[in-house]
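Take a look at the structure below.
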2 protein chains.
Amino acid sequence: MSQTVDRALSILPLLAEGPANLEQVAARLGVHKSTALRLLRTLHEHGIVHRQPDQRYRLGSRIFALAQQAVENLDVREIAHPHLVELNARTGHTVHLAVHEEDEVLYIDKVESRYPVRMYSRIGKPVAITNAAVAKLLLADLPEQERRAVAQRLDYPRYTARSITDAKTFLAELAKVREQGWATDLGGHEESINCVGAPVRGPDGRAVAAMSVSAPNVVVSADELLGLLPLVRRTADAISDEYSGKTPEKERHP
Amino acid sequence: MSQTVDRALSILPLLAEGPANLEQVAARLGVHKSTALRLLRTLHEHGIVHRQPDQRYRLGSRIFALAQQAVENLDVREIAHPHLVELNARTGHTVHLAVHEEDEVLYIDKVESRYPVRMYSRIGKPVAITNAAVAKLLLADLPEQERRAVAQRLDYPRYTARSITDAKTFLAELAKVREQGWATDLGGHEESINCVGAPVRGPDGRAVAAMSVSAPNVVVSADELLGLLPLVRRTADAISDEYSGKTPEKERHP
DNA sequence: TCGAGCCGTTGCAGTAAATGCAACAGGCAT
DNA sequence: ATGCCTGTTGCATTTACTGCAACGGCTCGA
């Protein structure tokens, strides 16, 4: 739409490949040297572009600062909420969103089941970290050393007969979750409740949150709940994409 | 220099603060809505700006992708080299640059001492990881869990009487190094050789490399070498800034 | 149901601002 | 010293950016 800006922005991916001098930039833009110079100057004034001692141009610190500030000011909950609502509308079950924080995993959003039977949980409340699907997802994403250390520190209460009650089993479960990219909790926390969940990832690929769908046995069987897995994963991926600022393939013709 | 580009770039820090709609952007730029719209469109086409479902604008994934690609294609050695040469010119001693890679710390650049007595080292060769100043610096920067795990895995050869020979001592030394932001090796690897070093940090604050000045006892005493510390640190910081694309305060009037 | 208000979008005419040219300048190597 | 290579500047041309005003879609309230 705006030619000047268009040209200026086209410089960025070019410089991301590595340092380049004025002539190279001008050549790849297909413009006169003087034009390229003025564009680079403007980018330079904004700190987007950095000038090396050898006069060549590179991407500058401002790019890093902007990227960092942008993620800091992003609110997962705000972005995720509409997706959670939609998933709840489609399935009718309780949907949770959780984050990891200092050896705890906390619910930060929840959309209640439309069925009369509901499970107990509250926004801001720590989850059953050794069994909840969202906890497995978030801990599975940690680097190996830290994952092992955390697993050692935890308590393993036997909520039910199917609870995970030791670090070794837990780590094995995390490895599986890490591998497959989704997690379940089949009666490990509350006897009659099953969950299936998937991670929400940020622009760097790390899990920033996790979401799950929970339902009691009496409403749907574990197998039926697992049938929702593709939908849950698609939802989580959609949140990830939106959180990362990715624009999905949409508009074909204007 | 270029008004259009200047305005377009001014939008970025504004959006980094959080999502904003067209009017807000136009207002803060001091331009007509239609002008802001066209700028945002251009930014959008380049993926720099993302449009949320609620029509508001945010920074897009391209920012993150660019920042990431830029650091990947950056060569610390290339940037550091002139600084190392200058430091060597000023001090006369051997200057090393090293990086951390899979439980090893490797020399990736070296500027030889001007004195006849030289120390043995080679580019590409692993350093004495339990004693070298550069190794301490790079390992001290790891997250605590990983640092502990690495320390356990290492061997602790007794090169000299002053070598570090156990994990506990090593971890204590790393903690000290982490705290003070610089490191030494006083005869821990070779009896008669002392080193003093400082870390090179990337835009995110993590150490991407470390550099050191080494000299034999017969040329300068350990105390004299320590006198070079401020210079070494300034050099390392200068490399860090340049690596991160920071432009130091320079030009006052054009 | 209708209408008012809010915001984003579009077409257009005027002109400001970007472009390319050509000449200059500074550095480096021959 | 001299020539080449690359970045920089002043200027005339005209392109393409701007602001205006009118339109359109949507939401909210009467």
Side-chain angles (χ1 to χ4, degrees), chain A residues 1-12 14-15 17-46 48-60 78 81-82 85-86 242 245 247 250-254, chain B residues 1-12 14-15 18-46 48-60 78 81-82 85-86 89 242 245 247 250-254:
Chain A
M1 274 272 116
S2 169
Q3 190 186 65
T4 316
V5 178
D6 188 46
R7 285 174 172 168
L9 295 180
S10 302
I11 293 177
L12 303 185
L14 195 157
L15 291 186
E17 295 171 16
N21 66 17
L22 179 61
E23 283 208 322
Q24 296 170 322
V25 172
R28 289 195 52 179
L29 281 189
V31 299
H32 195 92
K33 282 188 303 176
S34 57
T35 305
L37 176 67
R38 286 182 280 247
L39 296 176
L40 282 165
R41 273 234 248 274
T42 313
L43 289 165
H44 180 79
E45 278 171 16
H46 283 260
I48 304 287
V49 148
H50 171 70
R51 196 136 200 213
Q52 295 186 335
D54 63 358
Q55 299 229 100
R56 290 189 303 167
Y57 296 92
R58 270 182 35 206
L59 291 189
E78 188 184 338
H81 194 76
V85 169
E86 194 198 327
E242 198 180 323
T247 306
K250 272 183 183 172
E251 53 274 280
R252 278 281 148 258
H253 3 251
Chain B
M1 275 271 115
S2 171
Q3 191 186 63
T4 317
V5 178
D6 187 45
R7 286 174 171 168
L9 295 181
S10 302
I11 293 178
L12 302 185
L14 194 155
L15 291 186
N21 65 18
L22 178 60
E23 283 209 323
Q24 296 171 321
V25 172
R28 289 195 51 179
L29 281 189
V31 299
H32 195 92
K33 283 188 302 179
S34 57
T35 305
L37 176 67
R38 285 181 281 247
L39 296 176
L40 283 165
R41 277 237 181 90
T42 313
L43 290 165
H44 181 79
E45 279 171 15
H46 283 260
I48 304 286
V49 148
H50 171 70
R51 196 135 199 213
Q52 295 186 334
D54 64 358
Q55 299 229 102
R56 290 190 302 166
Y57 295 93
R58 268 183 35 206
L59 290 189
E78 190 184 337
H81 193 78
V85 169
E86 194 197 328
E242 197 180 324
T247 306
K250 271 182 184 173
E251 53 274 280
R252 278 279 148 259
H253 3 251

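The sequence lines fix the lettering, A, B, ..., with proteins before strands; numbering per chain opens at 1. Only heavy atoms go into these numbers, but all of them, side chains included; no hydrogens, no water, no symmetry mates.
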Q) Starting at CD of B:Gln55 and ending at C1' of C:dT9, how long is that distance when rounded to a whole Å? A) 10 Å
**Q.** Boundaries of the chain B footprint along DNA chain D (any atom under 4.0 Å from a heavy atom)
**A.** D:dC17 to D:dA21
Q.
Any salt bridge linking A:Arg28 with A:Glu17? Criterion: basic side-chain nitrogen under 4.0 Å from a carboxylate oxygen.
A. yes
Q | Side-chain donor/acceptor of B:Glu45 to backbone N/O of B:Thr42, under 3.5 Å | A | no
(Q) Just N and O in the side chain of B:Arg41: are any of them under 4.0 Å from OP1 or OP2 of C:dG8? (A) no
Q: For the side chain of B:Gln3, starting at C-beta, report the closest nucleotide among C:dT19, C:dA18, C:dG8.
A: C:dA18
Q. Where each residue is assigned the nucleotide of DNA chain D containing its nearest heavy atom, which of A:Arg51 and A:Val5 is assigned the position nearer the 5′ end?
A. A:Arg51
(Q) Just the rounded figure in Å: distance from C1' of C:dG8 to CE of A:Met1. (A) 14 Å
Q. Roughly how many Å is it from CG in A:Leu37 to C1' in C:dA18, rounded to a whole number?
A. 13 Å
Q) Just how far, in rounded Å, is P of C:dC7 from CG of B:Asn21? A) 7 Å
Q. Does A:Glu23 pair with A:Arg56 as a salt bridge, N-O distance under 4.0 Å?
A. no
Q | Distance test, side-chain N/O of A:Thr35 to OP1/OP2 of C:dG20, below 4.0 Å | A | yes
Q.
For a quick test of reading the model: is some side-chain N or O of B:Thr4 closer than 4.0 Å to OP1 or OP2 of C:dA18?
A. yes
Q. 5'-most contact on DNA chain D: A:Glu23 or B:Arg38, nearest heavy atom basis?
A. A:Glu23
Q. What is the distance from CD of B:Gln24 to P of C:dC7, rounded to the nearest Å?
A. 9 Å
Q: For the pair B:Arg51 (side chain) and B:Arg58 (backbone), establish whether a donor and an acceptor sit closer than 3.5 Å, ignoring hydrogens and angles.
A: no
Q) B:Thr35 side chain to B:Val31 main-chain N or O, any donor-acceptor pair under 3.5 Å? A) no
Q: Looking at every strand, decide which applies to B:Arg56 at a 4.0 Å heavy-atom threshold: base, sugar-phosphate, or nothing.
A: nothing
Q) Can a side chain N or O of B:Ser2 be found less than 4.0 Å away from OP1 or OP2 on C:dA18? A) yes
Q | Value in whole Å for how far the C1' atom of C:dA23 lies from NE2 of A:His32 | A | 11 Å
Q | Rounded interatomic separation in angstrom, taking CZ from A:Arg7 and P from C:dA18 | A | 12 Å
(Q) Output the rounded distance in Å from CG (B:Leu40) to C1' (C:dT9). (A) 13 Å
Q: Report the distance from atom CZ of B:Arg38 to atom OG1 of B:Thr4, rounding to the nearest 0.5 Å.
A: 11.0 Å
Q | Expected output: side-chain A:His50 to main-chain A:Leu59 donor-acceptor under 3.5 Å | A | no
